[in-house]
Amino acid sequence: MALNGFLEFFQKGKTFRPKKKFAHGTIRAAVKLPEGEDSNDWIAVHVVDFFNRINLIYGTISEYCTEETCPTMSGGARFEYLWADGDKFKKPTHLPAKDYVSNLMDWIETQINNQALFPCTSDLPFPKSFQSLCSKILARLHRVFVHVYIHHFQNIVAIAAEAHVNTCYKHFYYFVTEFDLVSHKELEPLAEMASKICKDT
């Protein structure tokens, strides 16, 4: 009986469609700190989520981001990003974009897997430097958006993923501006685009 219902679901030209329509502006509302929620917990969850999403977005275009096509980690002619992690790269270093992103994702993964920095139980307190670390992580993740939008948007369009990437960027933008986690200077390379797609009130 259950199998028949399951098979029937996929027949007769039926398509699954969500019943709930989201009201305009809910992304901006969704990033606000829920009542009674700890701000550090809220920020931690979002940092991990953005790390995963931006890593996936970059993964969709990574085959086009080579040492030949992208010899520097940049966002057009005005913005170049140098890599430093205080460990392997003590001084800011020019890297091809793919190496910058690879080092960035490894560095972030190390940070978020460190229980002293990103505790996953309420037994451990967040460090005093937690929000400044999150600001650094998010500013660097924004650079991946900058590079993808400026140098690889045609690759995103080719796989029909621009709506997804734009929605992810809006979520990111609303979150970092809500909590003042990324400076206006870091957001500048995509400011014109953000003013067009991030219009929710």
Side-chain angles (χ1 to χ4, degrees), residues 27-28 30-33 39-40 42-59 61-62 65 70-87 89-112 117-118 126-153 156 162 164-200:
I27 295 174
R28 180 172 284 243
V31 302
K32 293 189 180 301
L33 182 68
S39 63
N40 285 333
W42 188 244
I43 290 170
V45 165
H46 279 81
V47 167
V48 172
D49 183 47
F50 290 131
F51 163 69
N52 288 323
R53 287 197 210 185
I54 295 167
N55 206 358
L56 284 171
I57 289 168
Y58 182 76
I61 60 89
S62 60
C65 188
C70 305
T72 61
M73 179 60 176
S74 62
R78 288 185 50 218
F79 302 96
E80 182 180 352
Y81 305 113
L82 307 180
W83 179 251
D85 57 18
D87 183 28
F89 295 91
K90 295 195 187 310
K91 293 183 179 179
T93 306
H94 295 271
L95 291 176
K98 73 180 194 69
D99 293 342
Y100 182 103
V101 174
S102 178
N103 279 291
L104 172 61
M105 296 307 175
D106 290 345
W107 175 78
I108 294 172
E109 190 168 16
T110 299
Q111 307 309 303
I112 64 179
L117 300 175
F118 273 76
F126 285 93
K128 287 187 168 94
S129 62
F130 179 71
Q131 288 200 10
S132 65
L133 171 63
C134 289
S135 289
K136 188 174 192 176
I137 290 170
L138 292 166
R140 288 177 167 187
L141 283 172
H142 186 262
R143 295 170 182 182
V144 179
F145 270 127
V146 171
H147 185 74
V148 168
Y149 270 112
I150 293 175
H151 296 284
H152 298 288
F153 196 68
I156 294 294
E162 65 270 28
H164 174 74
V165 174
N166 287 344
T167 300
C168 187
Y169 184 76
K170 284 172 71 170
H171 187 183
F172 180 91
Y173 178 84
Y174 289 143
F175 184 78
V176 300
T177 55
E178 173 73 17
F179 294 95
D180 198 24
L181 291 166
V182 176
S183 72
H184 289 290
K185 183 180 175 190
E186 279 287 347
L187 295 173
E188 184 186 342
L190 297 179
E192 185 180 339
M193 181 198 74
S195 71
K196 291 177 181 161
I197 70 168
C198 300
K199 292 181 176 180
D200 299 351

Nearest atoms (heavy-atom pairs only) where [X] meets [Y]:
| X | Y | result |
| --- | --- | --- |
| F50 | L138 | CD1-CD2, 4.1 Å |
| I112 | F118 | O-CB, 3.5 Å |
| Y174 | R28 | CE2-NH2, 3.0 Å |
| L33 | F179 | N-CZ, 3.9 Å |
| I150 | P189 | CD1-O, 4.3 Å |
| R140 | A84 | NH2-O, 2.7 Å |

Would you call [X] and [Y] a side-chain contact if the rule is heavy atoms closer than 4.5 Å?
| X | Y | answer |
| --- | --- | --- |
| I43 | F175 | yes |
| L187 | T177 | yes |
| L190 | Y169 | yes |
| C168 | F145 | yes |
| K98 | Y58 | yes |
| S39 | Q131 | yes |

Less than 3.5 Å apart, which donor and acceptor atoms pair up between the side chains of residues 101-109 and the rest of the protein, not counting sequence neighbours?
| residue | atom | partner | partner atom | Å |
| --- | --- | --- | --- | --- |
| N103 | ND2 | D99 | O | 2.8 |

Exercise. Passes side-chain contact (heavy atoms from CB on, under 4.5 Å), N166 versus Y149? Steps please.
Worked result: CA-CA 10 Å; N166 287 344; Y149 270 112; 2.7 Å; yes
For this session: Before accepting this row, confirm whether a basic side-chain N of the pair E186/R143 lies closer than 4.0 Å to the acidic partner's carboxylate O.
Result: yes
For this session: Just do the side-chain contact (heavy atoms from CB on, under 4.5 Å) check on K136 and Q111 with the steps written out, would you?
Result: CA-CA 11 Å; K136 188 174 192 176; Q111 307 309 303; over 6 Å; no
Exercise. What about H94 and F89, are their ring centers closer than 6.0 Å?
Worked result: no
Exercise. Got a sec, which residues hit side chain to side chain donor-acceptor pair (under 3.5 Å) with S74, two or more places apart in sequence or on another chain?
Worked result: H151
Problem set entry | Under 3.5 Å donor-acceptor, W83 side chain and P96 backbone | no
For this session: Determine, stepwise, if the pair V31 / H171 fulfils side-chain contact (heavy atoms from CB on, under 4.5 Å).
Result: CA-CA 7 Å; V31 302; H171 187 183; 3.5 Å; yes
Exercise. Rounded to the nearest 0.5 Å, how far does OG of S62 lie from NE2 of H152?
Worked result: 9.5 Å
Seminar exercise, completed: d(C198 SG, I27 CD1) to nearest 0.5 Å is 8.5 Å
